[in-house]
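Start at 1 and go down the list; that is how both ligands and their atoms are numbered. In this text, all values refer to a predicted model and were calculated from it rather than measured experimentally.
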Amino acid sequence: MNLLDQIIASKKREVALKKRVISINQLENSDLFNAKTHSLSKSIINSPFGIIAEHKRRSPSKATINHSLSVEEVANGYQNAGASGISILTDSQYFGGSLEDLIIAKASLNTPLLRKEFIIDEYQILEAKANGADAILLIAAVLSKEEIKSLSEFAHSIALEVLLEVHNLEELEQSIMPSLDIIGVNNRNLKTFEVSLQNSIDLVTQIPTDFVKISESGLNKPEGIELLKSLGFQGFLIGENFMKTDNPGAALEQFINQLKA
Ligand SMILES: O=P(O)(O)OC[C@@H](O)[C@@H](O)c1c[nH]c2ccccc12
């Protein structure tokens with residue numbers, strides 16, 4: 001079993017347990033559930049570089065990245081630096097995140113928030129809304145076409161946008177459908193952790209124009225962003241490059257300044 005299979009197997013157990021602790025009714029009655037959402041896709045297109053900056057304490061491929069800063073500090077730093085969106089990893093077992101991180105980020109921000117999670121069940125989409133997310137991630141590598149359809153339509157029914165992550169042409173062709181807002185090409189293969197910008201370069205022309213296009217993972221050089229932008233990407237999801245510093249917000253600001261230069 002590869003790591004991605006292990007993550008999904010433990011996610012299934014986690015969701016089953018959580019359903020017994022917090023009911024759907026409780027989620028739907030939470031204050032944030034009925035709060036107005038902000039459009040991540042619009043925020044990306046309305047900005048010259050559309051950077052979604054990620055809060056990420058650790059990852060299976062890198063172990064510790066940054067455990068010393070509060071999510072509040074990181075998220076505020078990102079917002080002040082001009083992030084178009086902020087991605088909050090909520091998986092605890094492999095990434096050291098939590099839904100509480102999302103609530104804390106939401107409390108001080110008006111930048112669109114992405115719940116970064118391995119979503120396999122509608123329950124997690126309700127949780128995303130109840131904890132302040134504006135958008136959810138769906139990963140094509142772990143979902144069937146039918147699942148992507150029903151989960152994305154469900155997200156739209158509660159005013160959340162959907163980022164679909166693909167890693168190769170097969171995944172893209174199988175899963176493209178109108179109920180998606182943003183298509184993200186992951187440069188990291190979640191099964192082997194290999195990173196290559198070539199994934200983004202190869203797939204960009206295959207993504208229909210009606211979707212916002214973003215490139216994800218392993219991005220750490222302004223030149224890479226400029227190249228990908230010239231090929232048609234409108235947004236960029238970046239975590240480790242900022243999180244590995246003592247001041248992720250300042251690192252983002254510096255990165256954006258280099259892009260403008
Ligand atoms: O830290 P990086 O290399 O800049 O990558 C950010 C983001 O793309 C990555 O965390 C990610 C992309 N898809 C995911 C799916 C699950 C967990 C994490 C991810």
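Contacts with ligand 1 closer than 4.0 Å are made by no heavy atom of Val195, backbone or side chain. For Glu54, every heavy-atom contact with ligand 1 shorter than 4.0 Å involves the side chain, none the backbone. Within the 4.0 Å heavy-atom criterion, neither part of Met243 lies near ligand 1.
No close placement of the Phe236 and Phe49 rings is indicated, their centers lying 6.0 Å or farther apart.
Atoms of ligand 1 lying under 4.0 Å from any heavy atom of Gly218, numbered from 1 in the order shown and given with element: 2 (P), 3 (O), 4 (O). Short contacts between ligand 1 and Ile238, defined as distances under 4.0 Å to a heavy atom of the residue, involve ligand atoms 4 (O). Listed by number with element, the atoms of ligand 1 under 4.0 angstrom from any heavy atom of Glu240 are 1 (O), 2 (P), 4 (O). Heavy-atom contacts of Asn186 reach the following atoms of ligand 1: 12 (C), 13 (N) (cutoff under 4.0 Å).
Under the 4.0 Å criterion applied to side-chain N and carboxylate O atoms, Glu194 and Arg188 are not assigned as salt-bridge partners. A salt bridge is absent between Glu146 and Lys149: the closest approach of a Lys/Arg side-chain nitrogen to an acidic carboxylate oxygen does not fall below 4.0 angstrom. Here Glu226 does not pair with Lys221 in a salt bridge; the nearest charged N to carboxylate O distance is not below 4.0 Å.
Ligand 1 has no nitrogen or oxygen under 3.5 angstrom from a nitrogen or oxygen of Leu219. Polar contact check, Glu165 against ligand 1: a nitrogen or oxygen pair lies under 3.5 Å apart. Polar contact check, Ile139 against ligand 1: no nitrogen or oxygen pair lies under 3.5 Å apart.
For the side-chain contact (heavy atoms from CB on, under 4.5 Å) with Glu165, the qualifying choice from Val185, Leu137, Leu237 is Leu137, the only one to do so. Applying the side-chain contact (heavy atoms from CB on, under 4.5 Å) test between His55 and each of Thr90, Asp101, Leu102 identifies Asp101 as the sole match.
For atom 11 (C) of ligand 1, the candidate residues are Arg188, Lys62, Lys116, Glu216; the nearest heavy-atom contact is made by Lys116.
Formation of a donor-acceptor pair under 3.5 Å by the Asp91 side chain with backbone atoms of Phe95 is found in this model.
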